[in-house]
There are 2 protein chains.
Amino acid sequence: MFETAHEQSTAQPSPTATDLSNQHPSSESRLDPYSGNWTIFAPQRTERPDEFVDQAPTIKTDVACPFCRGNEAITPPAVWARHIPETARLFRNVTCCEEEEEPWSVRVVPNKYPAVGDLQSDSKTAFDSGAGRRDSGLFQSGCVSGGHEVIIESPRHFHSLTQLDIAEIDLVFQAYRDRIKHYRSIEGIQYINVFKNVGYDAGASLTHSHSQLVALNQIPRPVERIVERMSHHRASTGCCLRCDVIRAERKAKERMIACDETVIAYCPFASQLPMMVRVTTLEHQSHFENLDDRALESVSRMVFRVISWLEKIRPGTAYNYCLNTCPPGVNDPSDSFHWSIDIFPRMSHVAGFEWSSGCMINPVLPEAAAAMFRKCAAANSPRRR
Amino acid sequence: MFETAHEQSTAQPSPTATDLSNQHPSSESRLDPYSGNWTIFAPQRTERPDEFVDQAPTIKTDVACPFCRGNEAITPPAVWARHIPETARLFRNVTCCEEEEEPWSVRVVPNKYPAVGDLQSDSKTAFDSGAGRRDSGLFQSGCVSGGHEVIIESPRHFHSLTQLDIAEIDLVFQAYRDRIKHYRSIEGIQYINVFKNVGYDAGASLTHSHSQLVALNQIPRPVERIVERMSHHRASTGCCLRCDVIRAERKAKERMIACDETVIAYCPFASQLPMMVRVTTLEHQSHFENLDDRALESVSRMVFRVISWLEKIRPGTAYNYCLNTCPPGVNDPSDSFHWSIDIFPRMSHVAGFEWSSGCMINPVLPEAAAAMFRKCAAANSPRRR
């Protein structure tokens, strides 16, 4: 019933199909040296027609923002809060906030709807001893706990980090450092992740500028693989993989965005997502939380600048950033890890192919992305107050 | 300047924070035996407030649909086409379409904006011999090619597979089988992926019901890892991992959705995404393209039913499905692979934590998802024409 004659005849490339394949003879795939995954770069994909209108998401206006000043009672009590009085900004006078009623500039609270609960001594012991793992043959499960906090970046209903003062942004990064240190000091915490979701497409549920911290009593397997590859590179070359890449990127120049004495921003060679930017310190440093005040200031300024440029290039874009620091659960005697922040707008949805293959198709070459950022940087000096 | 006294005092759990953590003492993490990754299940996350309005995407109406009957000239010429005449549907008389002018029911064309170009003999050789890999120290790249096709599922401007006849859906799955066989026969093709993107959030750019096939001259690393784990299971137990899981799922019942003599549908124990459904054959079969007509019919009916239920549970939902067959580039003498189709609605966006950790947070337990599907299946018998 299903004849194959037609298929055989039409499966041969027709002249038009051949012309088409000659236009796109092959795409480039690039290896990410950290994860070992390949990304396919296909700039021709941006030319395809799109029936969907890229519309701004609608925001509910009847929801009381739990992060605004005055609504502190909606959230759990703060575990960290700092204030820069308006009159003292020039001098960077920061005060701690002893009571919830006191004014604050940055405030950290436990997430009211946590992905994981607090690490309790019982669950830690249960997990560590293996008793918490219910290994029912093919169905292995465990109790995952740790902590989940929200870093509220301003008492005002700002939607972007770039609406903040430089001094306030410094405070946000101080909060990251302090809260990572806090979780690192807790026995049983194996992994700490600080991240920011901005906009609907980036997975945010609230618009008030905020970031989050998740701490876990286990290291995710993909992170373990990255740690293993960085450790292998150190063992075989004697060098830190990230330090080697930074040297090579500075030499190659084409993916460089910006650099000062302390911090570098570049578009990674095998970026999984379009317009991804990596920010890290030039000097080797495995742990973000070990950065001194001066380096932390440089980092916060660079992140501020990259986001400013991104907002110029793609106004209203949804984006994420993620802070990767050496996980507490990693035994890293060779000091092979090197911290970084990855910043990436959400320009496309992860579709079926990417989900099932784990191989990303990126329509924007990092060289093109870096050129856009450099052009924007040249045209717009960062706003400073 | 940054006093720690306050932090130390407030970092101690306050009564409210303790109450909160007691409500959510710990989440459950589950191991996916195929990928080796853990998924965190956090049903409490669904309770969090959301400022964003879940709005239907806006569709442009001024775009001529390249997949509609009459617009064949917009696409490259068909490489596969079949027709079921209206009068012959009862008898399943399928004819091949020799000319583009002839009517068709399902039509396969090269993707006009391919992720990868056609596998040319030169690029294949270049890649195989390693000459195509430009290994510049830390910057390794290669030429990736193969094929990228679109399976147009109807000449009518339908948005859903469930608007098709059962006979037409059979034809779609026949197309999958034939085109996978075609690419398997090409030397140098290492990996074949058939997938479907429906709706804006699932990465679709056109609304006309269609699926896609991507063939590559390299196997993505995450797929290699799955193959390695399935092979390891076969070597250590003598059994196929998927067959073992199917037996365990049928015994456990709680994640089962539907089963007939040939095909099973269930929600995987460690589902990375909410409401994920896996469809596969009860009998061991590594290669989807080796299914006989009877098995293929059962598979297409099951997929149709699952999508019908999904559309009842979440009307207008964006979703993907992905067909995993044993990659041609895999040397699998122990026959350890077992094909499957994964169907998953796109209910949430992959946010910063998931991106950087590779660890998914799923707010819907597969047991709850399966119960929803079973309830829907009991209330709605599938539409049959």
Side-chain angles (χ1 to χ4, degrees), chain A residues 3 6 10-11 14 17 21 24-31 37 42 48 50-53 55 57-58 60 63 76-77 79 96 110 113 115-118 123 138-145 195 197 200 203 205-207 220-222 245 248 269 320 322 349 351-353 356-359 361, chain B residues 3 6 10-11 14 17 21 24-27 29-31 36-37 42 48 50-53 55 57-58 60 63 76-77 79 96 110 113 115-118 123 138-145 195 197 200 203 205-207 220-222 245 248 269 320 322 349 351-353 356-359 361:
Chain A
E3 290 173 34
H6 169 76
T10 54
S14 63
S21 67
H24 311 299
S26 61
S27 296
E28 188 181 357
S29 66
R30 296 183 177 187
L31 178 72
N37 293 336
R48 69 191 161 140
D50 195 338
E51 266 187 289
F52 293 97
V53 178
Q55 63 202 113
T58 307
K60 290 174 198 161
V63 180
V79 292
C96 291
Y113 307 91
V116 294
D118 284 354
S123 68
L138 300 159
F139 305 133
Q140 287 187 47
S141 64
C143 298
V144 62
S145 59
F195 59 98
N197 306 333
Y200 179 70
S205 53
L206 295 172
T207 55
R221 186 70 194 106
V245 167
F269 174 74
N320 301 98
C322 306
H349 292 95
F353 174 80
S356 51
S357 69
C359 175
I361 299 173
Chain B
E3 291 173 34
H6 169 73
T10 54
S14 63
S21 67
H24 313 298
S26 62
S27 296
S29 66
R30 295 182 178 189
L31 177 72
N37 293 336
R48 67 191 163 141
D50 194 339
E51 264 187 289
F52 293 97
V53 178
Q55 62 200 118
T58 307
K60 291 174 196 160
V63 179
V79 292
C96 291
Y113 307 92
V116 294
D118 283 355
S123 69
L138 299 159
F139 304 133
Q140 287 186 47
S141 65
C143 298
V144 63
S145 58
F195 59 98
N197 306 333
Y200 179 71
S205 53
L206 296 172
T207 56
R221 187 69 196 109
V245 167
F269 174 74
N320 300 99
C322 305
H349 293 96
F353 174 80
S356 53
S357 69
C359 174
I361 299 173

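Just so it is clear: chains get the letters A, B, ... in the order the sequence lines come, proteins before strands, and each one is counted from 1.
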Okay, side chain of A:N320, backbone of B:A351: is any donor-acceptor separation there less than 3.5 Å?
no
Exercise: identify the closest heavy-atom pair between A:N37 and B:R221:
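Looks like OD1-CB, 3.6 Å.
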Per-residue tally against chain A (heavy atom, under 4.5 Å) across B:C359, B:S356, B:G358 peaks at B:S356
Give the member of B:G352, B:G203, B:P220 that has the highest number of heavy-atom pairs under 4.5 Å with chain A.
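Ranked by contacts with chain A, first place is B:G352.
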What residues, two or more places apart in sequence or in another chain, satisfy side-chain contact (heavy atoms from CB on, under 4.5 Å) together with A:A115?
A:H148, B:R45, B:I361
With sequence neighbours left out, the residues meeting side-chain hydrogen bond (donor to acceptor under 3.5 Å, both in side chains) with B:S357 are none
Evaluate the side-chain proximity of B:H349 to A:Y200: yes if any heavy-atom separation is below 4.5 Å, no if none is.
yes
